[in-house]
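Encoded as structure tokens, the structure appears first; notes follow it.
Since we're looking at a predicted model, the values are computed, not measured.
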Amino acid sequence: MTLLPLYEVDVPIRNTAGLRGVHVFTGHADSRSTAVRIAHEVYDQAAAAQQAGLEVPGRRPDGWTARGYRPGWELDWKAATAGHWNDDPYSWTRADDGDFEL
């Protein structure tokens, strides 16, 4: 069995107090667009669980999760970027040719 590449999806976030940041998702996918789609799916599932008073779902077999779901923050999915995962915790601070903008 061949394991799909590991992707990182970086989504700009902001809250009503004006704070900004980046929510980082990682998991296996076959393309950048699939990685963004899956990240959005796990985020939506986490939000639905939270609103229903349930625990945020755990990590899926493909590695994707939104355990870091933070109510009150808006994610800018149109500005999301995706690329092969980089072990550098500051990778979102610079653009590289592996980024994919929606």
Side-chain angles (χ1 to χ4, degrees):
M1 178 170 124
T2 303
L3 195 57
L4 294 172
L6 188 61
Y7 280 88
E8 174 180 325
V9 177
D10 300 331
V11 186
I13 59 174
R14 63 183 158 89
N15 70 8
T16 56
L19 297 174
R20 296 180 181 273
V22 174
H23 194 113
V24 177
F25 299 85
T26 60
H28 296 278
D30 60 7
S31 68
R32 292 179 186 115
S33 60
T34 299
V36 172
R37 179 184 53 77
I38 294 171
H40 203 162
E41 286 174 7
V42 298
Y43 181 82
D44 289 346
Q45 291 167 354
Q50 182 81 22
Q51 290 170 358
L54 302 172
E55 187 174 328
V56 171
R59 186 173 307 279
R60 297 174 7 161
D62 58 6
W64 295 98
T65 186
R67 295 291 294 179
Y69 175 75
R70 296 164 72 180
W73 288 78
E74 286 187 36
L75 280 74
D76 184 356
W77 288 102
K78 291 181 179 181
T81 60
H84 285 226
W85 184 70
N86 182 347
D87 196 13
D88 178 357
Y90 301 104
S91 64
W92 58 269
T93 62
R94 65 180 182 281
D96 65 46
D97 60 357
D99 285 347
F100 172 77
E101 294 190 26
L102 295 180

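Judged by distance alone, the side chain of Arg14 and the main-chain N or O of Gly18 form no donor-acceptor pair under 3.5 Å.
Closest of all the heavy-atom pairs between Pro57 and Ala49 is CD-CB, 3.9 Å. Contact between Trp64 and Ala35 at its shortest, heavy atoms only, is CH2-O, 3.7 Å. Shown here for Ile38 and His28, the closest heavy-atom pair between the two residues is CD1-O, 4.3 Å. When all heavy atoms of Leu4 and Ala29 are compared, the pair lying nearest together is CB-O, 3.5 Å. Taking all atoms of both residues into account, the shortest heavy-atom contact from Gly72 to Asn15 is O-CB, 3.5 Å. Closest heavy-atom contact between Asp10 and Val22: CB-CG1, 3.7 Å.
The CZ atom of Arg32 sits 10.5 Å away from atom OG1 of Thr81, with the distance rounded to the nearest 0.5 Å. The CD atom of Glu41 lies 9.5 Å from the OG1 atom of Thr34; values are rounded to the nearest 0.5 Å. Taken from CD in Gln45 to OG1 in Thr65, the straight-line distance is 9.5 Å, to the nearest 0.5 Å.
The aromatic rings of Phe25 and Tyr43 sit perpendicular, their planes meeting at an angle over 60°, well past the 30° parallel limit.
Residue Arg60 qualifies as enclosed at atom CZ: its count of foreign heavy atoms under 6.0 Å is above 12.
Under the 6.0 Å cut-off for aromatic ring centres, Tyr7 and His84 qualify, their centroids lying closer than that.
Under a 4.0 Å N-O distance rule, the pair Glu74/Arg20 does not qualify as a salt bridge.
For the pair Tyr69 and Gln50, the minimum side-chain heavy-atom distance is below 4.5 Å.
At a threshold of 4.5 Å between side-chain heavy atoms, the hydrophobic network of Ile, Leu, Val, Met, Phe, Trp and Tyr places Leu19 and Leu75 in one connected group.
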